[in-house]
Amino acid sequence: MQEVQSRDPREEDRYDAQRIEAKWHERWQQQENSLYAAEANSSKPKYYVLEMLPYPSGALHMGHVRNYSIGDALARYMWMNGYNVLHPMGWDSFGLPAENAAISNNTPPREWTLRNIANMKRQMKRLGFAYDWSREVTTCLPDYYRWNQWFFLKLYEKGLAYRKKSKVNWCPKCATVLANEQVVGGCCWRHEDTLVEQRELEQWFLRTTHYADELLRDLEKLDGWPEKVRTMQRNWIGRSEGAMVDFKLDGAADSVITVFTTRVDTIYGATSIQLAPQHPLVKDFTAKDAELRAQVDGMIAEQRKAKERGDLGEIEKHGVNTGRYAINPYNGEKIPVWVANYILMDYGTGAIMSVPAHDDRDFEFAKKYGIEIRQVIVPLQGDAAQELPFTAHGGKLTNSGLFDGLACDDAIKKMAAYAEKNGFGKATVTFRLKDWGFSRQRYWGTPIPMLYCEKDGIVPVAEKDLPVILPDNVDITLTGGSPLGRVPEFVNATCPKCGGPARRETDTMDTFVDSSWYFYRYTDANNNKAPFDSAKASYWFGDRGIDQYIGGVEHAILHLIYSRFWTKFMRDMGLIKNDEPVERLFTQGMVIKDGAKMSKSLGNVVSPDDMVARYGADSARMYSLFAAPPDRDLDWQDSGVEGVARFLARVYRFIAQNPVKAGTYSAEYSPNDLGPEGKKIQRKMHQTIWRITEDFKGRWHFNTSVAALMELLNECIGAPIFTSQEGPAMAFRADVQRKFVLMLQPFVPYLAYELWERLGEQESLLKAAWPTYDPALAKEEEIEIPVQVNGKLRSLVVVPAEATQDTIQERALADEKIKALIEGKQIIKVIVVPAKLINIVVR
RNA sequence: GCCGGGAUGGCGGAAUUGGCAGACGCGCUGGACUUAGGAUCCAGUGCCCUAAAGGCGUGCAGGUUCAAGUCCUGUUCCCGGCACCA
């Protein structure tokens, strides 16, 4: 640093974030495995706070810094409040970018990944995040992924993992299959500009639908989750109650069209059947009818295009009559069978009964093609001839045979029961949620522990043979087939059943497996006998799961639904007791710059390393909490970071340049010693403690916490009482300085530790008690009461805080300005809100 | 179309229970100190009005109330999610 010549000797001891942070960073490094370790047999209450683990892309971005600053502040606050805190970190380190890096710069995925981890861990440490590194989890290492394989065997045993051939999502850029959850608006979640194709492939699936009902129902319990996330999951699961009804195909007694409907009560109004173009029966119809075939193929192409454009709902409805008829099992009526472009094969049964009188889409379609529109529902009261389509539920049946007169809701139940009794249908529930497509045709993932034997078919790897190690030195290309298939030493194995030759599964697991249960591993990260010890997991998860989980909303569906599924499975295995993994979830907003998401192409990326180098970790962290409430988007402004750095410099001057050291003062002082100025500061201090404590309790508006600290400092700076050398004044200054540092600790640990030391304190700051506020001292003695006349602010009067209504009114009416205003007018009413305001209504 | 969130000075935001709108910070203006200032300190800063006085002001239009950013009705725009879901 440049030599500064200054008259003021204090100038030589300026706030130098780099020097302070380097000093404490060095000290903390030396005890990295013990400093923030959770206690093993603690009598304290437990608190598990967790931030979503990062993908090791190479470097942290500001979104990470924000995420971890929130979690770290909370962890430190809970430590100070006497909790046994678990605050771990790990790496979601399988995934495609490692393979892409391998291709583009010829570095093996493992090496690339581990190097990135080392760099990001360095950044986290430099930022001063308090993680228990002894529990670090790295998902791409065999000591972790072997348990993925173990879980897979358990899922297979229970019938929750299965293999089937079906249409699956395929990303051409990733050259792999994707789960439904990984398709966003028809495109790949990693390649927003790449349309996902449909391919017919044989794949492993996990039966997430087994828990569909529970996954939906338990959302009600998650009142510590943002409503937004619960709604998104509800939509995703998409439960709908209805009935399946079989329509026989006329003239082909063994051919049946099963339709799904939520409105079986309208079935007497069904005047056609509509099939999705991909419906299996359609193939039979088109086999001998080239013209029909051409039209159907056109519809399939049209649907695909619309899906790719993301406006499937916008295409114009059209269809083609197949010339066949189906028989309505309720009344024996023959109705025509059509193929229509608005019927989706992947929802329900891919076939509907069309009731134009009571469905908007069917109505539009029937109008276009002149299909009969037959009303079978009328309102409960009043005019039966209302406008069609009449889609409301609140009606009763007409033209419906023996069900005439029933209310819709009643009819839905009775008619489903009738179908079941007569063997042509039943009440049923459909879900939008599909089973989890689980196989990936990629290298950098957990090998699926399965074998294919010519004699025994699909054979699981024996538990004792786990882990199936992912080989190194694999030739990776993004063309055709799983890279592992090109490694004979890997592929060629022995069948554990017959001892004959067997071929290994060469697909790997979706990386979302890794994050589905990693937070349980943190409770027992070094266990090599089991994924974790049940007792340890139950201690940290309790009945309701992780106390506080913090991350981006982009995982509202993906990670958060898979991990809920995994938890339910582990509970049913008897490994854990909790039904849900996370009690409270917080989704922080994005970090943006100049109104846009940070991206290389826009050139608006702010690098954490750069911020740390320019302003220090403390400033970068505090700014990321100060600039906006944590749940909202944060528009990054370097000048704002500077402002925070200025504030910290003033804090430093207030304490480090004028400290009252431990042992140099008497701890006792009485408020009466302080005088009005000191009392005012004391009041402000207790109000500040109150505000920040409240913010931590759940509101989490750390921006106002920081503002409160700034206000307190503004009050203190330049106050004459802090230059006094008298006993009580010294004791008071000592108290203010200590409480200030304690409140800084969650937000700016480096500066807080430095100042704590400057104050001569020996106790560990991390576990020093959070200051308490005294409501009596926080209370104002005198307050300004706004005086309104007819609701408009006209004056202010100063009264004692406890002033009665009468006193306030007396003072207000005696006020010169008020007197002049109400002169000659009639007072109609006076409203006095004690300690708040007075409003005089005059005419 | 359905669901969730939002709109407050030049900017980020505050107002926790219907009770002084604009805390705190940025930026800007003026001043002090200084060889210098992109350091520090002091003062000012919603808009209109020469100042005082006064008036206006929380997307828009109404309403309830002594009193509305906050409650009610309607409406516009922005962000996010879902979507021919039968």
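Here is the naming used below: chain letters follow the sequence lines, and residue numbers restart at 1 for every chain. Here the structure is a predicted model, which means the values were calculated and not measured.
In RNA chain B, consecutive stretches of 3 or more Watson-Crick or G-U wobble pairs with both distances under 3.5 Å are given as paired ranges: B:1-7 with B:76-82, B:10-12 with B:24-26, B:27-32 with B:40-45, B:46-48 with B:54-56, B:59-63 with B:71-75.
Using bins of under 30°, 30° to 60° and over 60° for the plane-to-plane angle, the ring pair F365(A)/Y342(A) lands in the tilted bin.
Remark: aromatic rings of F702(A) and F696(A) are close, center separation under 6.0 Å.
Between R361(A) and C85(B) there is a side-chain N or O to OP1 or OP2 distance below 4.0 Å. S240(A) has a side-chain polar atom (N or O) that falls below the 4.0 Å cut-off from OP1 or OP2 of A86(B). Contact annotation: N703(A) reaches the phosphate of A14(B) (side-chain N/O to OP1 or OP2, under 4.0 Å). At the phosphate of C82(B), neither OP1 nor OP2 sits under 4.0 Å from any side-chain N or O atom of K228(A). The side chain of R653(A) places an N or O atom within less than 4.0 Å of a non-bridging phosphate oxygen (OP1 or OP2) of C41(B).
Counting non-hydrogen atoms of neighbouring residues, nucleotides and ligands closer than 6.0 angstrom, the NZ atom of K434(A) exceeds 12 such neighbours.
Among all heavy-atom pairs drawn from R794(A) and K817(A), the shortest one is O-CD, 3.7 Å.
The R14(A) side chain lies nearest to A39(B) when the options are G19(B), A15(B), A39(B). Checked against C26(B), G54(B), C84(B), the side chain of R794(A) finds its nearest nucleotide in G54(B).
With respect to the salt-bridge test (charged N to carboxylate O, under 4.0 angstrom), the residues E694(A) and R699(A) do not qualify. Salt bridge status for R234(A) with E220(A): present, with a side-chain N to carboxylate O gap under 4.0 Å.
Within 3.5 Å, no donor on the side chain of K829(A) pairs with an acceptor on the base of C66(B), nor the reverse. The base of C66(B) sits within donor-acceptor range of the side chain of N839(A), with an N or O pair under 3.5 Å.
A syn orientation is assigned to G9(B), its glycosidic angle lying within 90° of 0.
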